Enquirer: 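Below are the structure tokens for one structure; questions will follow.
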Amino acid sequence: MALAGQSQPNAARKILIPGDRIPLVPDAAHQSKEGPLKVRVGPGLQQEQGDLVAVKAGVLKQAGGSKYWMDGSQKRYVPAASDPVLGTVTARQGESFRVDIGSAHPAALSILAFEGATRRNRPNLDVGSLVYCRLSVANKDMEPELECVDPATGKAGGYGELKGGFVVKCSLRMARGYVNACSPWNRRLVLITLNYSLLNPKNPIVTILAESISFELAVGLNGRVWINAKSCAEVIAVAKVIQACDGAAASDINKLINHELRRLEDAMDTS
Amino acid sequence: MSARIRSDQRKLPSEMRPFYCSSALLSRSDGSVRFKSGDSSVLCSVFGPMEVKIRDEKLDKATVEVVFKAAAGNSTTKERLYERVIRETLEASILTALHPRSAIRITLQVLTDDGGILSTALNAATLALVDAGIALRSLPAGVTCMIDQEGVLLLDPTILELEAARSTHMFVFDNISDGALSNISTGSFSMDEYTSCYDTCFSAVAAVQQLFRSSVEGKVRREHGPEADA
């Protein structure tokens, strides 16, 4: 909960467009301290002569008193370190695989970046196979690098090749989790943002669906979602719900899910 | 009482046609916008940052490509000029250094042309870049005006009015500075006429910027739900 703090709803949540300046008003905690105001700037913002300037459209968010970022939506993925992503292998290149993760440049996945992999015991991935991995290197001047192990434990931890199932695309905002960014006393807002964060296991879309269908889900922050279930009809139902809920108002989500579940029941009856 | 100055329903020489825009129309592009100004409408789609051709690759910044397609017919030198004006104007606003060795492609398709197509296309491109989530320093907005044979300044002329133009002027202003970002003027005109065109366009661009803000805010509000205003 590093990001959880006293967020100020009035000052911290505001719709901005590129070019808007944000006057930095130091809060009481910072004013009492000596020394210059320290601000951490996240995505969508830039510093310009002591002011913050928005470079993307979205909602300005603030946490921990001094962390600012813009919450907007886009379709194109820009790699960021430690993001979990879904990619397809496009080529084998000696010591590494070339993986398409939807970014401007293809990513490299080393054959040694798998659980228990050695030069002798190398993973066997074919061109076209789907991998769930984590970005270990993401720098604008370098090619992105992937790994299929959790660096803390050295175990696969859910990463690796995904067999079977189906992949659908969704917006980056839907895929991303916002829970850590919201403060505990702002629960109502947390519940609304939860609707959009598929990565969160308590996500209402996932929880409501799980009551009637058993399925597996792997969410990549590059806007790709892998779904697997016992029957094709169930996979299609989950895929349709995810695509319908993307960008839908929070109040419509229950209706959309129920509509899709009813269609699934009808399909099951006729077959 | 007085003779009609404008070729359409407008009454004043310094009156703009109604304009509006709708975003996220295309499912496959990263950002898309249709911008309408009267009967002129342009559809813009933006891809990027994406893979760049080796030939166009720049090591320290993104390459901005602009493709301008007329409503009908092949691409002529006029379209190439428009592409260049739009590219050079937008390059000043896009933070290209954030995405080195990649491409940002802007495709503009004219749907209907009724004058002022360059400024309409530029406004469509600006909004499509915002829709695609590409980092921008500011929002450039364009306005066209003309001076007819009698020396009357007409703002946002239609294609009928442009036929009687002695000179036409397109100015681009952004939302963070007071000066013009770019300007294209053709025909013969005096210094005074030029300054009055500049001033007219500068005051008219506020309405375009207002539309930019309201349309972007509307989109963010739709996506975020009640959380955006909380």
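Residue numbers begin at 1 in each chain, while the letters A, B, ... track the order of the sequences. Computed from a predicted model, the values in this text were never measured in an experiment.
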Enquirer: Are the side chains of A:Ser73 and B:Lys219 in touch, meaning some heavy atoms are under 4.5 Å apart?
Expert: yes
Enquirer: Considering residues, nucleotides and ligands other than A:Asn139, do more than 12 of their heavy atoms fall under 6.0 Å from its CG?
Expert: yes
Enquirer: Salt bridge (charged side-chain N to carboxylate O under 4.0 Å, His left out) between B:Asp30 and A:Lys75: does it pass, once the steps are laid out?
Expert: CA-CA 5 Å; B:Asp30 295 321; A:Lys75 287 197 213 159; over 6 Å; no
Enquirer: Can you find a pair of side-chain heavy atoms, one from A:Val55 and one from B:Leu95, that are under 4.5 Å apart?
Expert: yes
Enquirer: Output yes when a side-chain donor or acceptor of B:His99 lies under 3.5 Å from a complementary backbone atom of A:Val78, and no otherwise.
Expert: no
Enquirer: So which part of B:Ser29 gets closer than 4.5 Å to some heavy atom of chain A, the side chain, the backbone, both or neither?
Expert: backbone
Enquirer: Please determine, among B:Val130, B:Leu139, B:Asp174, B:Leu59, the option with the most heavy-atom pairs under 4.5 Å with chain A.
Expert: B:Leu139
Enquirer: If only atom types and distance count, is the side chain of B:Asn175 paired as donor or acceptor with the main-chain N or O of A:Pro18 below 3.5 Å?
Expert: yes
Enquirer: Does any backbone or side-chain atom of B:Ala97 lie under 4.5 Å from a heavy atom of chain A? Answer side chain, backbone, both or neither.
Expert: backbone
Enquirer: Which heavy-atom pair separates A:His105 from B:Pro100 by the least distance, and what is that distance?
Expert: NE2-O, 3.5 Å
Enquirer: Counting only heavy atoms not in B:Lys69, do more than 12 fall under 6.0 Å of its NZ?
Expert: no
Enquirer: Mark yes when over 12 heavy atoms from residues, nucleotides or ligands other than B:Arg87 sit less than 6.0 Å from its CZ; otherwise mark no.
Expert: yes
Enquirer: Run the side chain to side chain contact (heavy atoms under 4.5 Å, CB included) test on A:Asp20 and B:Arg213 for me, step by step, so that the C-alpha distance in whole Å, both residues' side-chain angles and the decisive distance to 0.1 Å come before the verdict.
Expert: CA-CA 10 Å; A:Asp20 282 351; B:Arg213 182 174 289 276; 2.7 Å; yes
Enquirer: Find the one option among B:Val52, B:Leu98, B:Asp60, B:Leu129 whose heavy-atom pairs under 4.5 Å with chain A are most numerous.
Expert: B:Leu98
Enquirer: Would you say that A:Arg76 contacts B:Met50 through its side chain, given a criterion of any heavy-atom pair below 4.5 Å between the two side chains?
Expert: yes
Enquirer: Around atom CD of B:Glu88, are there more than 12 heavy atoms of other residues, nucleotides or ligands at under 6.0 Å?
Expert: yes
Enquirer: Any chance you could measure B:Glu217, atom CD, to A:Ile17, atom CD1, to the nearest 0.5 Å?
Expert: 7.0 Å
Enquirer: Is B:Ala135 in contact with chain A via its backbone, its side chain, both, or neither, using a 4.5 Å heavy-atom distance?
Expert: both
Enquirer: Can you confirm whether B:Arg84 is buried at CZ, in the sense that more than 12 heavy atoms of other residues, nucleotides or ligands lie under 6.0 Å from that atom?
Expert: no
Enquirer: Given a strict heavy-atom distance threshold of 4.5 Å, which part of B:Ser215 is in contact with chain A: side chain, backbone, both, or neither?
Expert: neither
Enquirer: Show the nearest heavy-atom pair for residues A:Ala104 and B:Pro49, with the distance to one decimal.
Expert: CB-O, 3.4 Å
Enquirer: Tell me whether B:Asp39 at atom CG has more than 12 heavy atoms from other residues, nucleotides or ligands lying less than 6.0 Å away.
Expert: no
Enquirer: Given that the side chain runs from C-beta out, which part of B:Ile176 has a heavy atom under 4.5 Å from chain A: side chain, backbone, both or neither?
Expert: side chain
Enquirer: How many angstroms lie between atom CZ of B:Arg101 and atom NZ of A:Lys140, to the nearest 0.5 angstrom?
Expert: 10.0 Å
Enquirer: Step through the shown structure and confirm whether more than 12 heavy atoms of other residues, nucleotides or ligands are within 6.0 Å of NZ on B:Lys58.
Expert: yes
